There are 2 protein chains.
Amino acid sequence: MDTRTRIQEVALELFTEHGYEKTSLREVAERLGVTKAALYYHFKSKEEIVNSFVEDRILVMDELIRWAESQPPGVELRRAVLTRYADDLFGRNRFAVMRFFEQNQTVLKNLSAGLQMRDRMLRVARLLAGPDQSAENEVRAALAIFAVHSSFFTMRPEITAQDRHDVALKVAFELLDRIAEVEAEGEKVDAGHR
Amino acid sequence: MDTRTRIQEVALELFTEHGYEKTSLREVAERLGVTKAALYYHFKSKEEIVNSFVEDRILVMDELIRWAESQPPGVELRRAVLTRYADDLFGRNRFAVMRFFEQNQTVLKNLSAGLQMRDRMLRVARLLAGPDQSAENEVRAALAIFAVHSSFFTMRPEITAQDRHDVALKVAFELLDRIAEVEAEGEKVDAGHR
DNA sequence: GTCTATACCAGGATAGAC
DNA sequence: GTCTATCCTGGTATAGAC
């Protein structure tokens, strides 16, 4: 395997395990049997290493958002968006990068990769919250997304990946359905006022 | 005001604004017109500064947990615990420290203050999730707590503090009530099996 | 008891040799 | 494509001034 890929793998592992800031490039280099300066041949900076393995997740999110915006809105779409969100981002052992995100939320606020990911998540949240712009539906949407993420670190370790997935979506769907209920009530009130 | 207190104030502000790791002690010292070494007279280390202003919040949490464990369980207690959680931790402009927590989740995993706070939050979560130990109720409890925290950064800025508080608790109560519902259903099933 | 001066070592980054 | 040497900044430690 080429050095560039090996750097990405080792960095992702250490950044996730010990945190981005607490991982020195010397550690990464030593684990690969090279010097710090060698890393700087392959990547412009420490941050660039992060960008390189996050890029892919951003593209997946963009694809999801583009698809969601092309569909007719409704309860079914909300559920479908969140299901796809969970499967695309965390499915098939792809969650290594997502675990990195969970473990490094703070730093990511100052990293371009983090800001881009944040932006995508906000757009998904807005899709789920619907057009009524109520604060409570925004909270419900945020919690639904958080349920999916939390399924990887909130639950007890003996629970299987499949169960985590199913439980997270079950609770999240309750929140999404409640959003739709509140929307419907709001429209009834509007109609009554006319 | 004495230097020790001023160090705490400036450090809390900078640690929250720019992050714990990205804030150097030189910055803190300069802002106070002293040298780095002066800080080391008042605090053993950078981490000690954090401990000093988090201590207080830990005591508040301990008090809340002790009280909750002395009360008869039920739906009402859950709501009361979460209400008190929100008021004790975030009330009366006390949320500066909580904002520090939100902004520094990663580092706090390696800091004693963070581990202690984490431990308290887990215990509150267990109280809210109830005795049935189901994964879905654990998720609901975690989300209810997260709703309170998120109320300070998820919602749009034009929403008042009072509204944030109310909306967060409203959504959180729906989750808590659902926990109780699921518990009741579980007991019915148990009874049917006997 | 409160602080300054100074030094040490580790971490990110760069220039230039091979 | 990789290394040595070097720079600057950051956390930490200590000696000593007032």
Side-chain angles (χ1 to χ4, degrees), chain A residues 1-55 100-101 103-115, chain B residues 1-55 100-101 103-115:
Chain A
M1 193 189 308
D2 66 339
T3 308
R4 194 189 142 90
T5 309
R6 287 171 56 226
I7 293 172
Q8 288 175 320
E9 281 186 359
V10 170
L12 176 55
E13 187 187 330
L14 293 178
F15 289 173
T16 303
E17 220 53 51
H18 310 134
Y20 175 78
E21 312 239 32
K22 292 203 65 151
T23 304
S24 69
L25 293 183
R26 189 184 43 71
E27 284 178 83
V28 177
E30 266 173 15
R31 185 107 142 213
L32 292 166
V34 296
T35 63
K36 271 202 294 176
L39 306 186
Y40 277 90
Y41 170 74
H42 294 282
F43 298 96
K44 280 207 329 284
S45 65
K46 194 180 184 185
E47 173 169 358
E48 261 294 305
I49 303 178
V50 172
N51 291 340
S52 77
F53 58 64
V54 167
E55 258 173 8
F100 164 78
F101 272 103
Q103 296 293 322
N104 290 282
Q105 294 178 43
T106 315
V107 217
L108 283 162
K109 282 172 196 153
N110 307 313
L111 263 43
S112 112
L115 295 176
Chain B
M1 193 190 306
D2 67 340
T3 309
R4 194 188 142 90
T5 309
R6 286 175 49 224
I7 294 173
Q8 288 174 319
E9 281 186 0
V10 170
L12 175 56
E13 187 186 331
L14 293 178
F15 288 173
T16 303
E17 220 54 50
H18 309 133
Y20 174 78
E21 313 239 32
K22 293 201 65 149
T23 304
S24 69
L25 293 183
R26 189 185 42 73
E27 285 178 82
V28 177
E30 265 173 16
R31 184 106 143 216
L32 292 166
V34 296
T35 63
K36 272 202 294 176
L39 307 185
Y40 276 87
Y41 170 72
H42 294 281
F43 298 95
K44 278 206 331 284
S45 67
K46 194 181 183 183
E47 175 169 358
E48 261 294 305
I49 303 178
V50 172
N51 291 340
S52 76
F53 58 64
V54 167
E55 258 173 9
F100 164 78
F101 273 102
Q103 296 292 322
N104 290 282
Q105 293 179 43
T106 315
V107 218
L108 284 162
K109 283 171 194 151
N110 308 313
L111 264 43
S112 110
L115 294 176

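Since this is a predicted model, take the numbers as computed values, not measurements. Naming convention: chains lettered A, B, ... in sequence-line order (proteins, then strands); numbering from 1 in each chain.
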**OP:** Check the distance between dG10(D)'s P and Leu14(B)'s CG and give it to me in whole angstrom.
**Re:** 13 Å
Original post:
From dC3(C), dG11(C), dG10(D), pick the nucleotide closest to the side chain of Arg26(B)?
Top reply: dG10(D)
Subject >> Length of the line joining Tyr41(B):OH and dG11(D):C1', which is rounded to integer Å >> reply: 21 Å
**OP:** Would you confirm whether Tyr20(B), through its side chain, and Phe100(B), through its main-chain N or O, come within 3.5 Å as a donor-acceptor pair?
**Re:** no
**OP:** For dT2(D), take OP1 and OP2 only and decide whether either is under 4.0 Å from a side-chain N or O of His42(A).
**Re:** yes
Subject >> Atom pair distance, as rounded to whole Å: CD in Glu47(B) and P in dT12(D) >> reply: 9 Å
Original post:
To the nearest angstrom, how far is Leu25(B) atom CG from dG10(D) atom C1'?
Top reply: 8 Å
**OP:** Please state how far atom NZ in Lys44(B) lies from atom P in dT14(D), giving the value in whole angstrom units.
**Re:** 13 Å
Subject >> Nucleotide dT14(C), atom P - distance to CG of Leu39(A) in whole Å >> reply: 13 Å
**OP:** Could you state the atom-to-atom distance from CZ of Phe43(A) to P of dT2(D) in whole Å?
**Re:** 12 Å
**OP:** Kindly indicate whether the side chain of Lys36(B) and the base of dG11(D) share any N or O donor-acceptor pair separated by less than 3.5 Å?
**Re:** yes
Subject >> Listed nucleotide nearest any side-chain atom of Ala37(B), set dA5(C), dT2(D), dG10(D) >> reply: dA5(C)
Original post:
Thr35(A) side chain: which of dT4(D), dG12(C), dG1(D) is closest?
Top reply: dT4(D)
Subject >> Nucleotide dT12(D), atom P - distance to CD of Glu48(B) in whole Å >> reply: 11 Å
Original post:
dC3(C), dG11(D), dT2(D): which one has an atom nearest the side-chain heavy atoms of Thr3(B)?
Top reply: dC3(C)
Original post:
Would you say the side-chain atoms of Lys36(A) pair up with the backbone N or O of Ser24(A), donor to acceptor, closer than 3.5 Å?
Top reply: no
Original post:
Between dA13(C), dG11(D), dG10(D), which one does the side chain of Ser45(A) approach most closely?
Top reply: dA13(C)
Original post:
Below 4.0 angstrom, N of the basic side chain to O of the carboxylate: do Glu27(A) and Arg31(A) qualify?
Top reply: no
Original post:
Has Tyr40(A) got a side-chain N or O lying under 4.0 Å from the OP1 or OP2 atom of dA13(C)?
Top reply: yes
Original post:
Heavy atoms, side chains only, cut-off 4.5 Å: are Val107(B) and Glu21(A) in contact?
Top reply: no
Original post:
Out of dT4(C), dA13(C), dT9(D), which nucleotide sits closest to the side chain of Lys46(A)?
Top reply: dA13(C)
Subject >> Polar side-chain atom of Glu47(B) near backbone of Leu111(B) as donor-acceptor pair, under 3.5 Å >> reply: no
